[in-house]
Structures are given as structure tokens and as C-alpha cells.
Amino acid sequence: MKNKFYKKLLIVMVTLGMALVMLSGCSKKNNETSVSSIKDKGTLTIGMINSNPPYEFQNSDNVVQGADIPLIKKVAKELGVKYKIKTMDFDGLLPALQGNKVDMLITAMSPTPERKQGAKFSKVYYRSTNTLLVRKSEAKKYENTKNFANATIAVVNNSTQEEMLKKLYPKAKFKKLSKVTDLALAVNNGKADACSIDVPTATILARKNPKLQITSFRHKDSSLGAAIAMPKNASSDLVKTVNKVVTENKAQYAQWVIDYAKKVK
């Protein structure tokens, strides 16, 4: 009798165990952000900043343009869904992704180790070089880039330029701002001696701000470049699909940067 009882008990326990494993697997699948979950919604929601020309910016009709827009269209087309864009400050991007308010971030974001803790990144689709802008009246002083060592430098808060410059000029003071367009204003208004951004964006800022000049400073930051950020729970099929789009359009993206740089007024 005892043997029969234990045999039945063992069968029940094994059955329960298998059921729990299956439920756990289903729960995990249900919580994933996958190709099918985005297809079910029918719309891909993208988070981005709107003040980082030529990658993303608003034109005179308040329509968001920039090199990241064609890439967004390619991703949405590959997924077979429509897309919509939510613009926000840079500091709000990752919290929006982690809070499921957006499905992806396509906003020339670099996959730093800190950001990788809260998001899953695609392959890199673009990498640029950084520079520093100063007032033309002080351009002579900063021909020697060692003079940035004690300068006040404006940077976008938590940007890769901030991390890079802190290592190069540990004694410099940093004015942290939320928008790229505010960098030029800070230098123009004398609130900072210089500002740092990538070369394509600096070229636009110098064109729109005649009192500013790009210096000879050139430096690649420690990041790999720009990549698409997806939720930490993104499924392997979604990452694979996004990487396919990135690979197919990586060369074209460099041309989009040039094309949209010409459109920035």
C-alpha cells in the first residue's frame, strides 16, 4: 500500500513540476517585447529627442526630420507596422523605454555600459568624431587644445562627450544641458567657454551661430557609435530583425546624415 501511495505522490509532484515549468515559460514569452507583440499592436512607438540635428530635429512646420527618420521607416516596414514618434528630453529616453511608454529608441544613442544595464542594443549603425566649438573672439586661445583643461565646457547631460571630456580634462568645469541647441546658446551667452558635440552637428551649430567657430579638437569617444535601443526583455527574433535593417542600411545612413545636414536652417 505504501509503495502505491508513494508512486502516486511522485506522479502528482512530477506533473505539478512540469506544469509550473510550462507556466513559467509562457509567462516569460508573454512578457517579451517581440516581433509578434509589436505586430499585434500594429504601431511601433519610437522615443527620440528632437533637437539633435542632423539626426533628429523639427522643421519650420514642427515636423520631426533627420537621418534617424528614414531608419525608423525601414524598421517599421520590416516589422510590417505603422510608426509614431514620441519626442522627449534626453534624460527621459531610457525611463520611457523601461516604463513601456515606447518600443524602441532611435535617436543616435550610443550603447554605453551604463545604458546596456537598462536596454538591449542593436548593432551600431553610425559613428562620428567629436569636436569643440568656441567663440570666434577666443579661437586663438584654444588653438592649443591644452587650454581646455581649465575651461567651462557645455555638454548634453549623460552624453558620451561628457564622459570623454571628463577623462581628457578632469579639472575642467562642465555645464550639463538637456538639448543640443542649448549648447551653442551657452557659449554665445558667455555661460560656457566651449561646447562639445559631433562634427556634423557642430558644423550646423557654427553655421547657425556666426559668432562660434569649430576648433581643431577631434576625438572619438569611447562608445561604439549610434545604435537602436530596445527593451531589456526584447526577444531574439526582434533583435535579429532590427539588426537586419541596421546591416542593410548602415552605408546609406552616412548619406542621410549629409542630406539632412543640408536641410537644417
Practice prompt. Flag the pair Asp103 and Lys41 as a salt bridge only when some basic side-chain nitrogen lies within less than 4.0 angstrom of an acidic carboxylate oxygen.
Written response: yes
Practice prompt. Answer with yes or no whether the side chains of Thr129 and Lys220 bring together a donor and an acceptor at under 3.5 Å.
Written response: yes
Worksheet item: Does any non-hydrogen side-chain atom of Leu177 lie less than 4.5 Å from one of Asn157?
Response: no
Fill in: Shortest non-hydrogen separation from Leu212 to Ala206 and the atoms involved
O-CB, 4.3 Å
Discussion item. Are Met164 and Ile197 connected into the same hydrophobic cluster when the rule is that any two of I, L, V, M, F, W, Y join if their side-chain heavy atoms are below 4.5 Å apart?
Written reply: no
Worksheet item: Does one hydrophobic cluster hold both Ile72 and Met230, with members joined at side-chain heavy-atom distances below 4.5 Å?
Response: yes
Response to the item:
NZ of Lys175 to CD of Glu162, rounded to nearest 0.5 Å, is 13.0 Å
Discussion item. Testing the 3.5 Å rule here: is there a donor-acceptor pair between the side chains of Asp237 and Ser34?
Written reply: no
Discussion item. If hydrophobic clusters are built by linking Ile, Leu, Val, Met, Phe, Trp and Tyr wherever their side-chain heavy atoms come under 4.5 Å apart, do Phe90 and Ile228 end up in the same one?
Written reply: no
Fill in: Residue pair Met88 / Val102: nearest heavy atoms and the distance that separates them
CE-CG1, 4.2 Å
Item to complete: Measure the CD-CG distance between Gln252 and Asn249 for me, rounded to the nearest 0.5 Å.
Response: 7.0 Å
Discussion item. For the backbone of Leu44 and the side chain of Lys84, can you confirm whether one donor and one acceptor N or O come within less than 3.5 Å of each other?
Written reply: no
Worksheet item: Would you say Asn147's side chain and Lys141's backbone share a donor-acceptor pair under 3.5 angstrom?
Response: yes
Fill in: Test item: Asn130 side-chain N/O and His219 main-chain N/O as donor-acceptor pair under 3.5 Å
yes
Worksheet item: Does the pair Ile69 and Ile106 meet the rule for a side chain to side chain contact (heavy atoms under 4.5 Å, CB included), with working shown?
Response: CA-CA 8 Å; Ile69 301 301; Ile106 303 182; over 6 Å; no
Worksheet item: How many angstroms lie between atom CZ of Phe217 and atom CG of Asn144, to the nearest 0.5 angstrom?
Response: 12.5 Å
Worksheet entry | Where at least one partner belongs to residues 56-71, residue pairs that pass side-chain hydrogen bond (donor to acceptor under 3.5 Å, both in side chains), sequence neighbours excluded | Asn50-Gln58, Asn52-Glu56, Glu56-Thr107, Asp68-Tyr125, Asp68-Tyr253
Worksheet item: Quick check: does any side chain N or O of Thr152 sit under 3.5 Å from a backbone N or O of Ala192, one acting as donor and the other as acceptor?
Response: no
Response to the item:
Rounding to 0.5 Å, atoms CE (Met109) and CG (Asn158) come to a distance of 9.5 Å
Worksheet item: Linking I/L/V/M/F/W/Y whenever their side-chain heavy atoms sit closer than 4.5 Å, directly or via other members, would Ile49 and Met104 fall into one cluster?
Response: no
Worksheet item: Which class fits the ring pair Phe57 and Tyr260: parallel under 30°, tilted 30 to 60°, perpendicular over 60°?
Response: perpendicular
Fill in: Chi angles and distances behind the side chain to side chain contact (heavy atoms under 4.5 Å, CB included) call for Val75, Tyr83
CA-CA 9 Å; Val75 173; Tyr83 74 90; over 6 Å; no
Discussion item. So which atom in Ala184 and which in Leu205 form the shortest heavy-atom distance, rounded to 0.1 Å?
Written reply: CB-CD2, 4.2 Å
Worksheet entry | side chain to side chain contact (heavy atoms under 4.5 Å, CB included) between Arg115 and Thr160, worked out | CA-CA 11 Å; Arg115 291 171 188 162; Thr160 52; 4.2 Å; yes
Item to complete: Output yes when a side-chain donor or acceptor of Thr215 lies under 3.5 Å from a complementary backbone atom of Leu132, and no otherwise.
Response: yes
Item to complete: Cation-pi check, Lys176 to Phe174: give yes when NZ or CZ is under 6.0 Å from the six-membered ring centre and within 45° of the ring axis, no otherwise.
Response: no
Worksheet item: Do the charged groups of Glu78 and Lys74 touch, with an N to O distance under 4.0 Å?
Response: no
Worksheet item: Mind checking whether Tyr126 and Leu71 sit in one hydrophobic cluster, side chains of I, L, V, M, F, W, Y counted as touching below 4.5 Å?
Response: yes
Response to the item:
Heavy atoms of Cys195 and Ile153 approach each other most closely as CA-CG2, 4.3 Å
Worksheet entry | Test: Arg135 and Glu138 ion pair at under 4.0 Å | yes
Practice prompt. Please test Glu143 against Ser216 for side chain to side chain contact (heavy atoms under 4.5 Å, CB included), starting from the C-alpha separation and ending with a verdict.
Written response: CA-CA 7 Å; Glu143 284 180 357; Ser216 60; 5.9 Å; no
Practice prompt. For atom NZ of Lys232, decide whether the heavy atoms of other residues, nucleotides or ligands shown that lie under 6.0 angstrom number more than 12.
Written response: yes
Worksheet entry | Least distance between heavy atoms, Gln161 atom then Asp198 atom | NE2-N, 3.8 Å
Worksheet entry | Ser196 side-chain N/O to Thr131 backbone N/O, donor-acceptor pair under 3.5 Å | yes
Worksheet, complete the sentence: In terms of heavy-atom contacts, Leu93 and Gly47 come closest through CD2-C, 3.9 Å
Worksheet item: Any donor-acceptor pair under 3.5 Å linking the side chain of Lys136 with the backbone of Pro210?
Response: yes
Worksheet item: Does Thr181 use its side chain to pair, donor to acceptor, with the backbone of Ser51 at less than 3.5 Å?
Response: no
